[in-house]
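Notes follow the structure.
Letters go in sequence order (proteins before strands), and every chain restarts at 1.
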Amino acid sequence: MATVSEILQERLQDALRAIGIGNGGLLQATPTADPRHGDYQTNAAMVLGKKLKQKPRSLAGRIVAHLSLSDIGIAEVAGPGFINFRLSPDFLGHRLHELALDERLGVERTENPKTVVIDFSSPNIAKPMHVGHIRSTVLGDALANITRFLGHHVITDNHIGDWGTQFGKIIFGWKHLLIAENLDSDPVSELVRIYREADTAAKKDSAILEECRQELVKLQRGDNENRRIWQRCVDLSIEGFAKIYDLLGVRFDYQLSESFYNPELPRVVQELQERGFAEVSDGAVVVWDRALSEDPFIIRKSDGGYPYAATDIATLQYRLDRWRAEAIWYVVGAPQQLHFQQLFSLARRLGYQGDLQHIAFGSILGEDHKLMRTRSGESVPLQALLDEAVLRATAIVAEKNPELSEQERRSVSRIVGIGAVKYSELSQHRMTDYIFSWDKMLSLQGNTAPYLQNAYVRCRSIFRKLPIPFSATISIILREQAELRLAKKILQFPDIVSAVLDGFKPNILATYLYDMAAEFHGFYESCPVLSAEPAVREARLILCDIFSRLLRTGLHLLGIQVPEKM
RNA sequence: GCGUCCGUAGCUCAACUGGAUAGAGCGUCGGCCUCCGGAGCCGAAGGUUGUGGGUUCGAGCCCCGCCGGACGCACCA
């Protein structure tokens, strides 16, 4: 099923051919910002007028005269040469009926499915996940859901940081500072503690620093004991991550960690040297790209170790070779932009095909407008943050709806609390540094998850009052302004979903859902459903049915659940 | 110093990739509950889009210069 925009664009192309303008390039028909300008508009006449040196208004007039739109609505020329479209109630009713019968709500699968690897979350072993990981995790998951929904073959891969110089200190700490009981009760905290203490000790005592280095070297050479300790650290940490991913409802197809690529690193560096892309500089092996930066891309350190640049190249090769990836998207914070520019630039020079994207995002700030920290100045652990979200939601739900059973309240609180955190990320443009506020994200008013979830619940409660289960029947006749407005908004859904990937901006889906919920409330206010006469009631029930399914689907694409009551 | 990102209502944020009179929420002020969940709806006030130029039918968006902020710049990831 073509989207409304696509239908209008096709009709435009037909009209252009009719007046002898064959290939006008890509035409756009978009929803208008102001209802006085109709429902959709195109600036095709102005764009083409410039190209063909014709007056935009008269060209627009000729286009309109040749537009065949009787089944859709009407078109008119306006302003400097816009063509405005108004959709007829018949057309809206017809489309709505189609959506009612379509599980995918009008969203077609792409005709060109691609294999897309999405790399996100990527926490580090022996460190707790903190607020810095939430954006990557939530954004990556939402993009994966949407990309998959559009029919692409998506592979999600959690590239866990399980290798690196910190392990010298962790192993030293494990051997000298570990407290077994702590490891049982809260393993990740204990790993953090021994790392910190070893780090402090190493700074004060160069003998300890040297010992840490030796532990690292032993690990890298495959020493049995160190290898075993490392594996324990990895296992314990991954268990901790899994609890958080469960709570968030995020899953990965793969969790191939950095160490997975270790065996490939010498070959990677050697090949780059042999092919002339890498050279030795100050004892390190580096790749220069002066056009990008005066700083080199270091693929082997002067001590022989391999930094993550080397791992990233090996990872890239693996994804291209093994998975036949046509696109690889990295959902990683903005500070690493240079790294990815260097990586992608090298990949292109090596002749690697594929759509490589660094999907960058801004930071989360506290209410003081500075990077979000705990009172003691550390980054906020994600587990604690999510627990607090659920706790706060529990209090709100208990107050607003005391009639829920204990079990319902627990389930709803989790959906609301986790949804609020996710939505506050996703409703914002990904590049903005945004201010974390419990009160705002859990507010029942405004562009928040609880507001949307409540709109869903309100709508669903209508269906609970029906004597028999609802099923959409025949035709739909819409007359009221509020009905028509809601219908028009609903029909934009397929265009919006695909637009999200154009710039990787889930926030436009979020904003759309919010706008639609606002239209629903207007409709709900002025158009009684259950008490309406049968034909009207049927049409309104269909509107409600599509609205609730669409809201649920849209939120699911964002990784957010909806409760039936709250 | 070089590079990247950002600057929009008192506050928090949008603006469908260059479209028409820049939109929401919070806060402020004023209306609406014999009616499906008022967790809602309707209305008012609030702006020289940091600033100065440029490009064109048309700029919050593109280009150049300033001002202010965040981040990154050789062996951490």
Taking [atom1] from [X] and [atom2] from [N], how many angstroms apart are they, rounded to a whole number?
X         : N      : atom1 : atom2 : value
Lys400(A) : G37(B) : NZ    : P     : 16 Å
Phe361(A) : C71(B) : CZ    : C1'   : 13 Å
Gln481(A) : C41(B) : CD    : C1'   : 16 Å
His369(A) : G10(B) : NE2   : P     : 14 Å
His339(A) : A77(B) : NE2   : C1'   : 9 Å
Tyr451(A) : G25(B) : OH    : P     : 9 Å
Arg460(A) : A39(B) : CZ    : C1'   : 19 Å
Ile299(A) : C76(B) : CD1   : P     : 15 Å

Original post:
Start at the 5' end of RNA chain B and walk down; is the nucleotide closest to Leu530(A) or to Leu444(A) reached first?
Top reply: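 Closest to the 5' end, via its nearest nucleotide, is Leu530(A).
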Subject >> 5' precedence on RNA chain B between Ile396(A) and Lys127(A) (nearest-nucleotide basis) >> reply: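 Taking each residue's closest nucleotide, the earlier one in sequence belongs to Ile396(A).
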**OP:** With pairs defined as Watson-Crick or G-U wobble and both distances under 3.5 angstrom, please note down RNA chain B as a dot-bracket string, | for pairing with another strand.
**Re:** (((((.(..((((.....[...)))).(((((.......))))).....(((((..]....)))))).)))))....
Subject >> Syn-anti status, with the boundary at 90° from 0, for the nucleotide C33(B) >> reply: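 Glycosidic conformation of C33(B): syn.
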**OP:** Tell me whether U4(B) sits syn or anti, counting syn as a glycosidic angle within 90° of 0.
**Re:**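 In terms of base orientation relative to the sugar, U4(B) is anti.
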Taking any heavy-atom pair under 4.0 Å as a contact, classify [X]: base, sugar-phosphate, or nothing.
X         : answer
Gly503(A) : base
Asp515(A) : nothing
Tyr512(A) : nothing
Ile435(A) : sugar-phosphate
Pro31(A)  : base
Asp439(A) : nothing

Original post:
Can you list the residues that meet the side-chain contact (heavy atoms from CB on, under 4.5 Å) rule with Lys127(A), with sequence neighbours excluded?
Top reply: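 If we apply the side-chain contact (heavy atoms from CB on, under 4.5 Å) test to Lys127(A), skipping adjacent residues, the hits are Asn124(A).
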Considering only the [atom1] atoms, how many Å lie between [N] and [M], rounded to the nearest integer?
N      : M      : atom1 : result
U17(B) : C76(B) : P     : 44 Å
G54(B) : G60(B) : P     : 15 Å
C62(B) : G43(B) : C1'   : 38 Å
G58(B) : C29(B) : C1'   : 37 Å
C41(B) : A24(B) : P     : 12 Å

**OP:** From the options Arg86(A), Arg485(A), Lys488(A), select the one residue that forms a side chain to side chain donor-acceptor pair (under 3.5 Å) with Asp39(A).
**Re:**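 When Arg86(A), Arg485(A), Lys488(A) are each tested with Asp39(A), the side chain to side chain donor-acceptor pair (under 3.5 Å) holds only for Lys488(A).
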Between [options], spot the one nearest the side chain of [X], thanks.
X         : options                : answer
Asp433(A) : A70(B), A74(B), A77(B) : A70(B)
Pro335(A) : G25(B), G72(B), A74(B) : G72(B)
Pro296(A) : A77(B), G37(B), A74(B) : A74(B)

Subject >> Below 4.0 Å: OP1/OP2 of G37(B) and any side-chain N or O of Ser461(A) >> reply: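 Indeed, a polar side-chain atom of Ser461(A) lies that close.
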Subject >> Presence of Asn507(A) side-chain N/O under 4.0 Å of A15(B) phosphate oxygens OP1/OP2 >> reply: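 Result: yes.
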Original post:
Can you name the one residue among Phe504(A), Phe340(A), Phe344(A), Tyr330(A) that meets ring pair (Phe, Tyr, Trp, His ring centres under 6.0 Å) with His358(A)?
Top reply: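 So the option named by the test is Phe340(A).
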Subject >> Counterpart residues, salt bridge (Lys or Arg N to Asp or Glu O under 4.0 Å), relative to Arg464(A) (two or more places apart) >> reply: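 With neighbours one apart ignored, the set is empty.
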Subject >> Which residues share a salt bridge (Lys or Arg N to Asp or Glu O under 4.0 Å) with Glu564(A), sequence neighbours left out >> reply: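 Partners of Glu564(A) by the salt bridge (Lys or Arg N to Asp or Glu O under 4.0 Å) criterion, ordered by chain and then number, come out as Arg460(A).
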Any N/O pairs under 3.5 Å between the protein and nucleotides 27-35 of chain B? List them or say none.
none

**OP:** Start with the C-alpha gap between Gln28(A) and Val47(A), add the side-chain angles, then the distance that decides, and say whether side chain to side chain contact (heavy atoms under 4.5 Å, CB included) holds.
**Re:** CA-CA 10 Å; Gln28(A) 287 197 346; Val47(A) 174; over 6 Å; no
**OP:** With sequence neighbours excluded, tell me which residues meet side chain to side chain donor-acceptor pair (under 3.5 Å) with Gln428(A).
**Re:**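 Expected list: none.
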Original post:
With sequence neighbours left out, what residues match Asp312(A) under side chain to side chain donor-acceptor pair (under 3.5 Å)?
Top reply: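 Result, side chain to side chain donor-acceptor pair (under 3.5 Å) vs Asp312(A): His339(A).
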Kindly give the atom pairs (protein nitrogen or oxygen, nucleotide nitrogen or oxygen) under 3.5 Å for nucleotides 43-50 of chain B.
none

Subject >> Residues touching RNA chain B, which here means a heavy atom under 4.0 Å, drawn from residues 164-173 of chain A >> reply: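 RNA chain B contact set from residues 164-173 of chain A: Gly164(A), Thr165(A).
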Subject >> Ring centre gap for Phe120(A) and Phe361(A) strictly below 6.0 Å >> reply: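 No, the ring of Phe120(A) stays outside the 6.0 Å limit from the ring of Phe361(A), centre to centre.
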Original post:
Are Phe260(A) and Tyr318(A) close enough that their ring centers fall under 6.0 Å?
Top reply: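 When the ring centroids of Phe260(A) and Tyr318(A) are compared, they turn out to be within the sub-6.0 Å range.
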Original post:
Which pairs pass side chain to side chain donor-acceptor pair (under 3.5 Å) with one or both residues in residues 160-173 of chain A, sequence neighbours excluded?
Top reply: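 Counting only pairs at least two positions apart or across chains, the side chain to side chain donor-acceptor pair (under 3.5 Å) contacts touching residues 160-173 of chain A are Asp162(A)-Ser259(A), Lys169(A)-Asp199(A).
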Shorter than 3.5 Å, N or O on both sides, protein versus nucleotides 18-20 of chain B: list them out with atom names.
residue, atom, partner, partner atom, Å
G19(B), O2', Gln41(A), NE2, 3.2
G19(B), N7, Asn43(A), ND2, 2.6
A20(B), N7, Gln41(A), OE1, 2.9
A20(B), N6, Gln41(A), OE1, 3.1
A20(B), N6, Asn84(A), OD1, 2.4
A20(B), N6, Asn84(A), ND2, 3.1
A20(B), N1, Asn84(A), ND2, 3.4

**OP:** Go through the N and O atoms of the side chain of Ser122(A) and the base of A77(B), and report whether any donor-acceptor pair is under 3.5 Å.
**Re:**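 Check fails, no donor-acceptor contact within cut-off.
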Extract from the structure each pairing of a protein N or O with an N or O of nucleotides 2-6 of chain B at less than 3.5 Å, listing the distance.
residue, atom, partner, partner atom, Å
U4(B), O2', Gln337(A), OE1, 2.9
U4(B), O2', Gln337(A), NE2, 3.2

**OP:** Indicate yes or no: at least one non-hydrogen side-chain atom of Ile134(A) is less than 4.5 angstrom from one of Met129(A).
**Re:**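 No, side chains not in contact.
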